[in-house]
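Please read through the structure below; I'll follow up with questions.
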Amino acid sequence: MLIEARELVKIYAMGEAEVRALAGVSADIAAGEFIAVMGPSGSGKSTFMNLLGCLDRQTSGEYLLAGERVSQLGPDRLARVRNRQIGFVFQHFNLLARTPAVENVELPLVYAGVPGKQRRDRAMAMLARVGLAERAHHQPAQLSGGQQQRVAIARALVTEPLLILADEPTGALDSRTSLEIMALFQELNRQGMTVVLVTHENDVARFARRILRFRDGRIVRDEPNAAADAARALRAEAVPA
């Protein structure tokens, strides 16, 4: 198992009150899976994603990533795990506005201490992988929304992580561009990448192979997604943004 979560509880203090965002969540995710995490606002799905991404710590319970108890790691080691083992994709891209696409993709490698030429070669390779090699020297303002999200995906991939975590990755895109981005995630998963994404859209979730449905801080349904095969056929409809 790539991810092993056992009875995860997360409690936030809100003044004198406590909010139980997660109430004992357990899940196993194998390497190579494509998971959609769904649920209404306040259901715990974003908190669960933050714990998987080592952006927050659980109040109790246990989380293992590739067999390592990451909840027991110190801040520096956790930062290395986030940098080298997890790739993040966000709804609003989070690109540096005045920085060319290739340099945006290089950023995780800068933090990892990778030498300059190697950084550039790897960043260009990732841009080619997402179909944007010819846009490498364009700034985000010169790119469409779909192209900016492709740059963000290339940035997530450049460290060759074990896991891609995507938080509402199509939330800022139109329906056609959303299809293109989800087809790209599906292709990456077909190539062996583990993908876990949070979404509230059924049209996005249908691309995943498995759906975890959250409510009131718990997983209420964990089910294979029969629609994924039909969605896979839609890749042929997607054209580069």
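Predicted model only: the values in this text are computed from it and were never measured.
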Can Leu78 be reached from Phe88 by stepping across I, L, V, M, F, W or Y side chains whose heavy atoms are under 4.5 Å apart?
yes
Kindly give the heavy-atom pair with the smallest separation between Met193 and Leu157, and that separation in Å.
CE-CD2, 3.8 Å
For the residue pair Gly146 and Ile181, what are the closest heavy atoms and their distance?
O-CD1, 3.7 Å
Do the charged groups of Asp76 and Arg80 touch, with an N to O distance under 4.0 Å?
no
Do you know which of Ser178, Pro169, Ser144 makes side chain to side chain contact (heavy atoms under 4.5 Å, CB included) with Gln149?
Pro169
Could you check whether any side-chain heavy atom of Phe185 comes within less than 4.5 Å of a side-chain heavy atom of Ile153, counting everything from C-beta outward?
yes
Side-chain donor or acceptor of Asn104 paired with backbone N/O of Ala152 under 3.5 Å
no
Run the side-chain donor-acceptor check on residues 123-142: report pairs under 3.5 Å with partners two or more places apart or on a different chain.
unit_1 : atom_1 : unit_2 : atom_2 : d
Arg129 : NE     : Gln191 : OE1    : 3.4
Arg129 : NH2    : Gln191 : OE1    : 2.8
Gln142 : OE1    : Gln139 : N      : 2.8

dist Leu65:CG -> Leu162:CG (nearest 0.5 Å) comes out at 6.0 Å
Which of these, Asp167, Val37, Ile86, Ile164, sits in a side chain to side chain contact (heavy atoms under 4.5 Å, CB included) with Val196?
Val37
Do other residues, nucleotides or ligands put more than 12 heavy atoms under 6.0 Å from Arg120 CZ?
yes
Can a donor-acceptor pair be found, under 3.5 Å and without considering hydrogens, that links the side chain of Asp28 to the backbone of Glu4?
no
Would a distance-only check, ignoring hydrogens and angles, find a side-chain to backbone donor-acceptor pair under 3.5 Å from Gln58 to Leu51?
no
Can you tell me how far the CD1 atom of Ile219 sits from the CD1 atom of Ile211, to the nearest 0.5 Å?
12.5 Å
Kindly say whether the aromatic ring centers of Phe214 and Phe48 come within a distance under 6.0 Å.
yes
Taking Leu173's backbone N and O only, do any of them form a donor-acceptor pair with Thr170's side chain (distance below 3.5 Å, no angle check)?
no
Is a side-chain N or O of Glu168 found less than 3.5 angstrom from the main chain of Gln91, in a donor-acceptor match?
no
side-chain contact (heavy atoms from CB on, under 4.5 Å) between Asn202 and Met38, intermediate numbers included
CA-CA 9 Å; Asn202 287 321; Met38 302 192 74; 3.4 Å; yes
Indicate yes or no: does Glu33 engage Arg209 in a salt bridge with an N to O separation below 4.0 Å.
no
Phe34 reachable from Leu179 in the ILVMFWY side-chain graph, under 4.5 Å edges:
yes
Starting from Phe90, can I reach Leu163 by hopping between I/L/V/M/F/W/Y residues whose side chains sit under 4.5 Å apart?
yes
Just so I know, are the side chains of Met182 and Arg206 near enough to count as touching, which here means a heavy-atom distance under 4.5 Å?
no
Would you give the length of the straight line joining atom CG of Leu184 to atom CZ of Phe207, rounded to the nearest 0.5 angstrom?
11.0 Å
Check Ala166 against Met49 and note the closest heavy-atom contact, atom names and distance.
O-CE, 3.5 Å
side-chain contact (heavy atoms from CB on, under 4.5 Å) between Leu64 and Met1, worked out
CA-CA 9 Å; Leu64 281 76; Met1 286 296 159; over 6 Å; no
List the atom of Ala112, the atom of Asn83, and the distance in Å for their closest heavy-atom pair.
CB-OD1, 3.3 Å
Polar side-chain atom of Asn50 near backbone of Leu55 as donor-acceptor pair, under 3.5 Å
no
Please report the shortest heavy-atom distance between Thr159 and Pro108, naming the atom on each side.
CG2-CB, 3.6 Å
Please find the pair of heavy atoms, one from Phe93 and one from Gly145, that lie closest to each other, and give the distance.
CZ-O, 3.6 Å
Among the clusters formed by ILVMFWY side chains lying less than 4.5 Å apart, do Val204 and Ile35 turn up in the same one?
no
Atom NZ in Lys45, atom CZ in Arg213: separation rounded to 0.5 Å?
12.0 Å
Are Leu2 and Leu212 connected in a single hydrophobic cluster, I mean Ile/Leu/Val/Met/Phe/Trp/Tyr linked by side-chain heavy atoms less than 4.5 Å apart?
yes
Give a yes or no on whether the backbone of Leu52 and the side-chain of Tyr63 come within a donor-acceptor separation of less than 3.5 Å.
yes
Glu68: partners by side-chain hydrogen bond (donor to acceptor under 3.5 Å, both in side chains), with sequence neighbours left out
Arg77
Which atom pairs, one a donor and one an acceptor, fall under 3.5 Å between side chains of residues 8-23 and the rest of the protein, sequence neighbours left out?
unit_1 : atom_1 : unit_2 : atom_2 : d
Lys10  : NZ     : Asp56  : OD1    : 3.2
Lys10  : NZ     : Arg57  : O      : 2.8
Tyr12  : OH     : Asp56  : OD2    : 3.0

Ser43 (side chain) donor-acceptor with Pro40 (main chain) under 3.5 angstrom:
yes
Just how far is it from atom CZ of Arg155 to atom CG of Leu107, taken to the nearest 0.5 Å?
7.0 Å
Ser26 side chain to Arg6 main-chain N or O, any donor-acceptor pair under 3.5 Å?
no
To the nearest 0.5 Å, tell me how far Arg150 CZ sits from Glu180 CD.
6.0 Å
Does atom CG (Asp216) have a neighbourhood of more than 12 heavy atoms from anything else shown, all under 6.0 Å?
no
